[in-house]
Amino acid sequence: MKVVIVGGVAGGATAAARIRRLDETAEIVVFERSGYISYANCGLPYYIGDIITEPEALTLQTPESFFSRFRVNMKVRHEVVAIHPDKKTVTVKHLDTGEVFDESYDKLLLSPGAKPTLPALPGAEIDKLFTLRTVEDTFRIKDYIRQNRPKSVILAGGGFIGLELSENLRELGMEVTIVQRPKQLMNPFDPDMASFIHAEMRGHGVQLLLGHTVEGFAESDGGVDVLLKGAAPLHADMAVFAIGVTPDTQLAKDAGLSLGIKNSIVVNERMETSVPDIYAVGDAVEVAHSVTGQRALISLAGPANKQGRIAADNICGGDSRYAGSQGSSIVKVFDMTAATTGINETTARKAGIAAEAVVLSPMSHAGYYPGGKLMTMKVVFEQETFRLLGAQIVGYEGVDKRIDVLAAAIHAKMTAIQLKDLDLSYAPPYSSAKDPVNMAGFMVENLANGVVKQFHISDVSALPRDGSVTLLDARTVQEYACGHIDGFKNIPVDELRQRLGEIEQGKPVYVICQSGLRSYIAARILSANGFDTYNFSGGFRFYHAVMNDARLIKAATACGMDQ
C-alpha cells in the first residue's frame with residue numbers, strides 16, 4: 001500500500017507515524033510546502049518573545065529524523081498543486097527547483113491546514129505588515145524586530161495568536177495595541193468572562209480598541225498606518241494581521257471534493273471525504289461539535305492530532321471514529337490563565353438551547369494555606385435537563401486542572417448537578433475539600449431543587465427602584481462604602497436576622513454580596529422567613545468587573561482609544 005499525505009505538522013505527521021506503527025510495509029510519502037514537516041505551531045509567539053530562545057526547539061521532527069525512525073519520505077518545499085482522483089495521482093511542484101511531477105497513491109490523506117484570513121484590503125502587501133502561522137512567518141517577524149527595533153505594534157485581531165503575540169511583544173518592551181471589530185477578545189468566552197481578560201491586558205499596558213473595523217493599511221513615517229472605519233488611523237512601527245484562519249482547501253475544491261463551512265472539507269466520522277480513498281484531517285475539515293451536534297470549524301492542535309490517528313487507523317483497515325470536537329482550549333494572558341470547554345452561553349442561545357449558568361469565585365486552593373488566588377468560573381448548562389454544556393474559567397493557578405475536569409465531564413455527558421459527586425483529589429496546597437468543580441455542582445443542585453433562585457447582570461438595570469421590590473447588599477459596611485449598585489440597601493449578612501423588620505414583607509428581595517456566598521446565606525435566611533428571594537450570580541466583584549469593562553469599551557469607541 002502506498003499512502004501520500006499532503007501537509008505535515010499536527011495531522012499529517014501524526015498520521016504518518018501511526019500508519020507506520022500499524023503497517024511496516026506501507027510506502028509513505030509526505031509532501032510539505034514549507035520547510036518544516038513538524039513544528040510547535042503554538043510555540044511560535046513565545047520564540048518571538050524570547051521565551052523559547054533556540055529556533056531548533058520549534059522543530060519537533062526533521063525529514064531526516066522522521067525517516068530514521070519511521071522510514072517515511074518527508075518531502076519539504078514540495079507543493080501538491082493538483083489531485084487526480086480518477087488516476088489516483090497528485091501533481092507535485094518542487095518549490096526550489098521548479099520541477100513538476102506526478103505521484104501515485106493508493107490512499108491519499110489531506111492535511112493542508114488553514115491560512116491566515118486576509119481580506120482584500122488596501123495596503124495588505126506592505127512589508128511592515130505580517131501574519132503568523134508558520135515557522136517562516138515567525139522568523140520574518142523575529143528578523144524584522146532584531147533589525148529594526150520597532151517600538152510599537154498594532155495587532156488586528158484578538159484571538160489566541162493576538163493575545164499570545166501581544167504578551168510576548170509587550171515583554172520585549174513594545175507598545176501594543178489590539179484592534180478588532182467585535183467588542184471583546186477571545187470569542188470562545190462570553191462577554192462577561194472576557195472582561196477579566198481585558199482587565200489583565202490593560203493592566204500590562206496593552207491598549208484595546210474594540211468595536212472598530214480595519215479598512216486598510218498604508219506606509220507612513222517609516223511605519224504603518226492602520227486605517228479604521230469611522231475613526232482616525234492608528235500609527236505604529238509594524239502591524240500583524242491575526243483575525244483568524246480560513247481552511248486552505250483550494251486543492252480539494254479543484255479536485256471536486258464536497259465542501260462545507262467556509263469551504264472546509266466535508267468528512268465523515270472515519271475522516272473520509274466524498275471521494276473514495278481520500279481522507280482529510282486538521283484545520284481544513286468541517287467537524288461535528290460534540291455538544292451542539294452542529295457542523296463547526298475548530299482549529300486546535302488536539303483535534304488535529306486525534307483526527308490524524310483515526311484516519312491512519314482506517315487507512316490501515318481499521319474502523320476508528322471521530323467523536324466530534326468540543327473546543328477545549330487554554331491561553332496564557334500575562335500572569336493570568338483563561339480556559340474554556342464546550343460552548344458558552346452566547347453560543348448555546350444562538351443554537352436554540354435554553355441555557356442557564358452559575359458564576360462562582362472560588363480560591364485556587366484551601367484559603368488557610370498561603371498563596372491561594374481567586375478564579376472566576378462560569379458553568380453553562382441546559383435549563384430543563386441540566387445537561388452540562390460548557391465552562392469558562394479565568395484565574396491563576398489551578399485553572400487548567402478544573403477546565404480539564406469539566407471537559408471530561410462534558411465528554412462523559414454528565415449533568416451539571418453530577419459535578420457535586422466527582423471524587424477529586426484534595427490537599428491544602430492544591431484544592432479545597434469541596435473543590436471548585438464540586439461547588440459548581442452544589443450551586444446547580446440548589447437551583448434544580450428550588451433551594452435558591454438567582455438573577456444576573458442582564459437583569460440589574462431592569463430592576464424597579466420604585467420600592468416595589470427590595471434590593472439588598474449583604475456585604476460589610478466597609479465593602480458597601482467602597483462601591484455598590486445604586487438602589488441597593490446595605491444590611492450585612494451577620495446582622496440580617498436582627499434586622500428582618502427593616503425588610504417589607506410581600507415584596508421580592510434581590511440580594512448581592514461580594515462573590516455570591518454571603519448573599520446565598522442571606523437568601524436562605526430570608527426564604528426561611530417567608531420572603532421571595534433571588535441571589536445575584538457572581539457577586540459584586542463580578543458585576544464591577546463587567547460593568548467597568550463595558551464603560552471602558554464605550555469610552556474607547558467614543559474617543560478612538562481604550563483607557
Side-chain angles (χ1 to χ4, degrees), residues 3-21 28 30-34 36-45 58-61 66 70 72 74 80 107-117 132-135 137 159-161 164 188 244-249 251-252 257 259-273 278-290 295-315 320-331 340-341 404 407 411:
V3 182
V4 170
I5 300 175
V6 180
V9 197
T14 295
R18 176 69 172 172
I19 292 168
R20 175 56 71 225
R21 290 194 295 270
I28 309 168
V30 178
F31 293 112
E32 168 59 48
R33 66 183 164 204
S34 77
Y36 302 88
I37 56 101
S38 183
Y39 57 86
N41 192 298
C42 298
L44 301 182
L58 297 173
T59 306
L60 304 178
Q61 292 278 1
F66 219 96
F70 297 110
V72 171
M74 291 283 188
V80 174
K107 304 286 185 181
L108 177 65
L109 174 63
L110 303 180
S111 180
K115 55 188 176 182
T117 302
L132 179 58
R133 184 66 178 172
T134 66
V135 174
D137 293 337
F160 288 99
I161 291 296
E164 292 169 345
V245 294
T246 302
D248 192 357
T249 57
L251 186 66
L257 275 65
L259 303 180
I261 302 170
K262 293 185 179 179
N263 284 331
S264 57
I265 302 171
V266 173
V267 293
N268 61 18
E269 293 176 326
R270 291 169 46 86
M271 308 313 298
E272 295 169 322
T273 71
I278 300 181
Y279 299 74
V281 300
D283 294 354
V285 305
E286 176 188 88
V287 297
H289 198 290
S290 59
R295 308 306 294 179
L297 293 177
I298 298 180
S299 299
L300 295 168
N305 275 279
K306 295 181 185 71
Q307 293 161 13
R309 178 185 175 91
I310 288 167
D313 288 351
N314 295 323
I315 285 171
S320 292
R321 307 285 172 137
Y322 186 60
S325 295
Q326 195 169 303
S328 301
S329 59
I330 191 166
V331 63
T340 181
T341 186
D404 284 342
H411 181 77

- request: Among Val267, Ile265, Val6, Leu108, find the one that has a side chain to side chain contact (heavy atoms under 4.5 Å, CB included) with Ile278.
  value: Leu108
- line: In terms of heavy-atom contacts, Ala407 and Gln326 come closest through O-NE2, 3.1 Å
query: Which heavy atom of Asp313 sits nearest a heavy atom of Arg18, and at what distance?
result: OD1-NE, 2.7 Å
message: Between Asn305 and Thr14, is there a side-chain donor-acceptor contact under 3.5 Å, judged purely by atom types and distance?
response: yes
statement: Between the CG atom in Leu132 and the OG1 atom in Thr134, the distance rounded to the nearest 0.5 Å is 7.5 Å
statement: d(Ile315 CD1, Ile28 CD1) to nearest 0.5 Å is 9.0 Å
message: Check Arg133 with Asp283, please: is the shortest side-chain N to carboxylate O separation under 4.0 Å?
response: yes
query: Quick one: CD1 on Ile330 to CG on Asp404, what's the gap to the nearest 0.5 Å?
result: 7.0 Å
message: Restricting to non-hydrogen atoms, name the atom on Ala312 and the atom on Ala15 that form the minimum distance, rounded to 0.1 Å.
response: CB-O, 3.6 Å
field: Interatomic distance, Leu110 atom CG to Leu257 atom CG [nearest 0.5 angstrom]
entry: 6.5 Å
Approximate separation, where rounding is to 0.5 Å, of Met271 CE and Lys306 NZ: 12.0 Å
- request: Take Leu44 and Asp137 through the side-chain contact (heavy atoms from CB on, under 4.5 Å) test and state the conclusion after the steps.
  value: CA-CA 9 Å; Leu44 301 182; Asp137 293 337; over 6 Å; no
task: Could you pull out the closest heavy-atom pair between Gly282 and Gln307, with the gap in Å?
output: N-OE1, 2.7 Å
Non-hydrogen atoms of Phe66 and Val72 that approach each other most closely: CD2-CB, 3.7 Å
- prompt: Is a side-chain donor or acceptor of Glu164 paired with a backbone partner of Pro45 at a separation under 3.5 angstrom?
  reply: no
Side chain proximity check, Val287 to Pro303, heavy atoms < 4.5 angstrom: no
- prompt: Would a distance-only check, ignoring hydrogens and angles, find a side-chain to backbone donor-acceptor pair under 3.5 Å from Thr249 to Ala284?
  reply: no
- prompt: Going from CZ on Arg270 to OG on Ser320, what distance comes out if it is rounded to the nearest 0.5 angstrom?
  reply: 8.0 Å
message: Is there a side-chain contact (heavy atoms from CB on, under 4.5 Å) between Glu272 and Asn314? Walk through the geometry before answering.
response: CA-CA 9 Å; Glu272 295 169 322; Asn314 295 323; 5.5 Å; no
- prompt: If every non-hydrogen atom of Gly260 is compared with every non-hydrogen atom of Glu286, which pair is closest and at what distance?
  reply: CA-OE2, 3.3 Å
- prompt: Hey, does Ser111 have a side-chain heavy atom less than 4.5 Å from the side chain of Val9?
  reply: no
